[in-house]
Amino acid sequence: MSGTREPAVAGRFYPATAEALRAAVRSYLQSAPTSQAVPKGIIAPHAGYVYSGPIAGNAHGLLRGLRGRVERVILFGPSHFVRVAGLAVPSSDSFVTPLGRVPIDTEAVRQALTLRQVVVNDAAHAREHSLEVHVPFLQEVLGSFKLVPFAVGDATPEQVAQVMDLLWGDSATFIVVSSDLSHFHDHDTAQRLDTDTSRLIESLRFEDLTGDKCCGFKAIGGLLHAARSRGMHVRTVDLRNSGDTAGPRDRVVGYGAYVVE
């Protein structure tokens with residue numbers, strides 16, 4: 001494996017310069033709560049930072065106590081632009097943002113490729129923002145780590161959970177799932193729908209998640225499946241929408257932050 005996955009949405013979804021990006025990320029992290037338990041994973045949104053940054057910051061801030069302890073992050077996000085049969089990994093060996101280069105754990109990628117549902121598809125990663133927007137947060141919070149990015153396409157929760165189980169590891173491995181919630185309802189309707197979705201997520205009811213509830217429902221489903229099998233639980237950390245942050249209130253996108261403990 002060789003090559004670099006270059007930034008696709010720097011200057012659009014988040015600041016393009018290292019100084020401005022670092023300042024933005026730190027501002028979103030400063031009010032994040034602390035976790036009473038050692039977290040194993042988070043679910044966080046993937047819109048432009050002006051919209052979802054505060055909610056994403058409250059999720060990623062839970063990793064602050066894990067700096068120097070987490071060595072590998074397994075990152076799952078929906079494939080928005082390319083249809084994928086299963087889950088796609090890139091052929092590159094590094095992932096770049098304005099904050100620097102993150103090595104891809106190529107051995108973990110090779111291990112994942114032993115599963116039939118995992119394929120190499122660089123096109124699925126080239127423009128994908130659902131993965132990219134989380135990496136600067138991880139760089140700021142964790143410092144040094146290796147990344148294993150998956151663009152999730154047509155896959156069942158069981159297939160996603162199988163990938164997670166394979167790479168689950170110990171406390172040095174952390175899982176991040178990228179997803180927004182409801183799309184393009186008015187503010188009050190979105191609040192009601194997203195509250196119902198959060199109850200499903202907290203109850204680990206992955207069977208009841210659908211694309212109209214959350215765009216990353218397949219990856220969330222896999223994480224909930226894996227958490228249920230291990231007797232873990234999920235807690236809501238933040239639940240807002242774009243009408244609460246930077247957008248109009250007549251047509252909003254929902255954002256939730258959750259932690260698996």
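Quick note: residue numbers are just sequence positions, from 1.
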Query raised in the report: Does F206 have any ring-ring contact (aromatic ring centres under 6.0 Å, His included) partners at least two apart in sequence or in another chain, and if so, which?
Result: H225
Atom pairs and distances, side-chain donor-acceptor, residues 20-29, under 3.5 Å, sequence neighbours left out:
unit_1: R26; atom_1: NE; unit_2: E140; atom_2: OE2; d: 2.9
unit_1: S27; atom_1: OG; unit_2: A24; atom_2: O; d: 2.6
unit_1: Y28; atom_1: OH; unit_2: Y49; atom_2: O; d: 3.3

Is there a donor in the side chain of [X] and an acceptor in the side chain of [Y], or the other way round, less than 3.5 Å apart?
| X | Y | result |
| --- | --- | --- |
| E132 | Y14 | yes |
| D244 | H187 | yes |
| T197 | D194 | no |

Query - Salt-bridge contact E202-R199 (side-chain N to carboxylate O under 4.0 Å) - result: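 Salt bridge absent between E202 and R199.
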Query raised in the report: How would you list all residue pairs meeting salt bridge (Lys or Arg N to Asp or Glu O under 4.0 Å) that involve residues 121-131, not counting sequence neighbours?
Result: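 Every pair satisfying salt bridge (Lys or Arg N to Asp or Glu O under 4.0 Å) with a residue in residues 121-131: there are none.
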Report task. Enumerate the residue pairs fulfilling salt bridge (Lys or Arg N to Asp or Glu O under 4.0 Å) with a member in residues 141-156, sequence neighbours excluded, ordered by first and then second residue. Result ->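 Pairs touching residues 141-156 that pass the test: R83-D154, D154-K218.
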Query raised in the report: How far apart are the C-alpha atoms of R230 and D165, what are their side-chain angles, what is the distance that settles it, and do they pass the salt bridge (charged side-chain N to carboxylate O under 4.0 Å, His left out) test?
Result: CA-CA 10 Å; R230 290 171 169 80; D165 290 339; 2.8 Å; yes
Distance-only check: which donor-acceptor pairs under 3.5 Å involve side-chain atoms of residues 95-102, not counting sequence neighbours?
unit_1: T97; atom_1: OG1; unit_2: L99; atom_2: N; d: 3.0
unit_1: T97; atom_1: OG1; unit_2: Q139; atom_2: OE1; d: 2.6
unit_1: R101; atom_1: NH1; unit_2: T4; atom_2: OG1; d: 2.9
unit_1: R101; atom_1: NH1; unit_2: S94; atom_2: OG; d: 3.0

Requested in this report: Step through it carefully: locate the ring centre of H129, locate the ring centre of H134, and say whether they are under 6.0 Å apart.
Outcome: no
Report task. List, by chain and number, the other hydrophobic cluster members for Y255, where Ile, Leu, Val, Met, Phe, Trp and Tyr join if side-chain heavy atoms come within less than 4.5 Å, directly or indirectly. Result ->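 Traced through the cluster, Y255 reaches V50, Y51, I55, F184, V253.
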